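Computed from a prediction, not measured in an experiment: that's the story for all the values here. First the proteins, then the strands, lettered A, B, ... as listed; each starts at 1. FYI, side chains are in, hydrogens and waters are out, and symmetry mates aren't considered; it's all heavy atoms of this structure.
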Amino acid sequence: MIRIGYAGINTGLPTSSRTFRLGGYTEQRMLQVAQANVSALENILKWNEENGIHLFRITSNLIPFGSHPVNSGSWKQALSDDFERIGRFVKESGMRVSMHPGQYTVLNTPDKGFFASALRDLEYHSSVLDLMGLDENHKIVVHGGGAYKNKELYLGILKDRIAELPPAIRKRLVLENDELVFHAEDILTLCREAGLPAVLDVFHHEVLPSFPDKDIRQIIIFFGQTWPGARQKIHYSDQDPEKRRGSHSGSVDVHRFGKFLDRVRDLELDIMLEVKDKQSSVLRLRETFPDLK
DNA sequence: GGAAGTCAAGTCTCG
DNA sequence: CGAGACTTGACTTCC
């Protein structure tokens with residue numbers, strides 16, 4: 001069975017990513033916007049349930065400056081009831097949610113200060129899912145980080161950093177191949193060694209290929225071996241024809257997706273679409289391919 | 001009221 | 001070695 005979902009925002013509903021400038025930060029403003037965002041998140045999840053969508057990525061912008069030192073963390077107490085209620089809804093409706101810190105969260109950085117920031121950011125993301133009372137199947141996805149002109153060395157450092165993470169973070173952590181530094185084979189090898197699940201980003205794999213003799217189905221099956229007892233997750237997008245190589249497209253190319261689906265239809269997969277029209281592509285694909293969940 | 005510039009952040013490439 | 005690209009959607013400023 002294949003499930004598809006979308007990331008971060010629903011283009012037809014109020015956003016759960018409202019923010020403001022750091023210069024205008026006050027505790028009150030942070031709590032106010034955080035409350036509004038959490039409420040918007042609840043609406044999006046309800047909409048998803050009504051529309052049969054059970055896979056969703058919660059935006060990292062849910063709590064303004066959620067991992068910035070300026071933020072006291074008071075939102076955790078202030079919103080704990082809301083998070084608990086939303087988490088219960090997620091569990092009762094059989095949904096799976098995830099989070100995905102951005103490009104600035106770099107686990108293998110040689111800079112101690114940057115590493116401290118990355119750790120704070122993972123703690124923030126982890127707190128959101130913990131407050132919702134969700135188990136480790138609700139993942140936090142990150143990229144491998146930088147190569148610093150010595151990819152092997154910094155893959156090793158990444159592995160060490162992962163081993164030293166607090167267990168509450170590590171249990172949710174999954175790594176994803178990127179389009180610039182760490183390709184699918186790098187990530188799969190690392191995840192096998194580190195004991196983490198690996199997310200294959202199908203589009204990044206096309207931009208920065210590896211496994212020269214293996215087709216996409218075989219690679220997905222390899223990645224699936226890192227998800228024992230859990231549903232495997234992958235990411236899917238197309239190239240934006242107007243933009244630089246690696247830029248995500250506006251919507252999913254239905255014909256192209258169909259050809260992909262023909263190769264993987266019999267597998268157990270959660271497919272996260274990374275396209276700008278968000279829920280629209282999910283609905284369109286479900287109409288076109290009725291066996292999608 | 002729409003367009004353009006700005007924003008917390010780290011890494012990489014280009015000149 | 002410094003500037004700009006990269007990515008992202010929302011905010012802010014400008015006209």
Taking the six-membered ring where the residue is Trp, are the ring centres of F203(A) and Y236(A) under 6.0 Å apart? no
Taking the six-membered ring for Trp, are Y124(A) and F65(A) closer than 6.0 Å centroid to centroid? no
Hey, is the side chain of [X] poking within less than 4.0 Å of OP1 or OP2 on [N], counting only N and O atoms?
X	N	result
R18(A)	dC11(C)	yes
T19(A)	dA10(C)	no
T109(A)	dT11(B)	yes

Would the base of dT6(B) count as contacting R21(A) through its side chain, where contact means a donor and an acceptor less than 3.5 Å apart? yes
Of the listed nucleotides [options], the one nearest the side chain of [X]:
X	options	result
Q103(A)	dG9(C), dA8(B), dG10(B)	dG10(B)
K276(A)	dT8(C), dG10(B), dA8(B)	dT8(C)
N61(A)	dA9(B), dA8(B), dT11(B)	dA8(B)
H68(A)	dT12(C), dA8(B), dG9(C)	dA8(B)

Dump the pairs, protein N or O against N or O of nucleotides 12-15 of chain B, anything under 3.5 Å, distances to one decimal.
residue	atom	partner	partner atom	Å
dC12(B)	OP1	A147(A)	N	2.6

Regarding E123(A) and S67(A), is there a side-chain donor-to-acceptor distance under 3.5 Å anywhere? no
Please determine, by modelled atom types, if T19(A) and N61(A) share a side-chain donor-acceptor pair under 3.5 angstrom. no
Test H204(A) against every option in H143(A), H235(A), H183(A) by the ring pair (Phe, Tyr, Trp, His ring centres under 6.0 Å) rule and name the one that passes. H143(A)
[N] versus [M] - spacing of their [atom1] atoms, nearest Å:
N	M	atom1	result
dC6(C)	dA3(B)	P	22 Å
dG2(C)	dA8(B)	P	23 Å
dA9(B)	dC1(C)	P	23 Å
dG1(B)	dT8(C)	P	29 Å

Of Q28(A), R29(A), E27(A), which is the lone residue that meets side chain to side chain contact (heavy atoms under 4.5 Å, CB included) with Y25(A)? E27(A)
State plainly whether the residues K46(A) and E50(A) are in salt-bridge range, i.e. N to O under 4.0 Å. no
Atom-pair distance (NE2 on H143(A); C1' on dG10(B)), nearest Å: 13 Å
